[in-house]
Amino acid sequence: MKARQFKLGPMDNFSYLLWDEDTLHAAVIDPAWQPEKLKSFLAEAKLKLQAVLLTHAHPDHVNALGSFEDPEGKLPVYLNDGDYFMLGSRPAGLRNVSDGEQLQAGSLKISALHTPGHTPGSVCYLAGGFVFTGDTLFIGECGRVDLPGSSPEALYESFVKLAALPDAAVVYPGHSYNGDTSTFGVQKEYNLYLKLARLGRRDDFLKAVG
Ligand SMILES: [Fe+2]
């Protein structure tokens, strides 16, 4: 499985394409800002889009959703229903994705991890050794928890889940803050929040995010 990172827009957002090199089946993650860049890559590589995966519904992650919408709803758009309230309009293909769910997008197999905290419906997607962490986990940082629907306590529980992921798993975050990518092994040591969660230090985690 291959993944490509696209830094797009004025807020250093990342959108991603994920695909199977054999079947060319593909998924787009958090389409925003400059959909033409994603679409031209899809066309040049002859990829066949099978699904849209949303890590959460903040506008800077979904503002190009309309460019990928299939009016008949045949292209699934996955989002945890905890974030439905933030969508301006609901795409025809909108489908809830819940914790632990295994998604099949053509030949792509993707696991979902519900990681609330930044938003109630934040999800990390795991596929092919990559983890798309949205605004839950950045390189050396965690997502903001001072926004409507945020919860520091929920973020702690989410980070406990993330701290159990394999060291070799690649972090693909939702913004280019402090860096573009890393591994969970490195982040478990150098990301204060992930380290505190790994060590079970809940009070210190809550103080640090406060
Ligand atoms: Fe966000």
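Worth saying up front: this structure is predicted, and the values here are computed from it rather than measured. Each ligand, and each atom within it, is numbered from 1 in the order the structure gives. Side-chain atoms are counted along with the backbone in the values below, which use heavy atoms only and exclude waters and symmetry mates.
- Around the Fe ion (ligand 1), protein N, O or S atoms at less than 2.8 Å comprise His56 NE2, His58 ND1, His118 NE2, Asp135 OD2.
- In this structure, CG on Asp203 lies 9.0 Å from OH on Tyr156, to the nearest 0.5 angstrom.
- For Tyr78 and Tyr125, the distance between ring centers is not under 6.0 angstrom.
- In this structure, Lys195 is not positioned above the aromatic face of Phe205 in the sense of NZ or CZ being under 6.0 Å from the six-membered ring centre and within 45° of the axis.
- Atom CD1 of Ile139 and atom OH of Tyr177 lie 12.5 Å apart (nearest 0.5 Å).
- Using modelled atom types, no side-chain atom of Asp20 and backbone atom of Met1 make a donor-acceptor pair closer than 3.5 Å.
- His175 and Asp12 share no donor-acceptor pair across their side chains, judged by distance under 3.5 Å alone.
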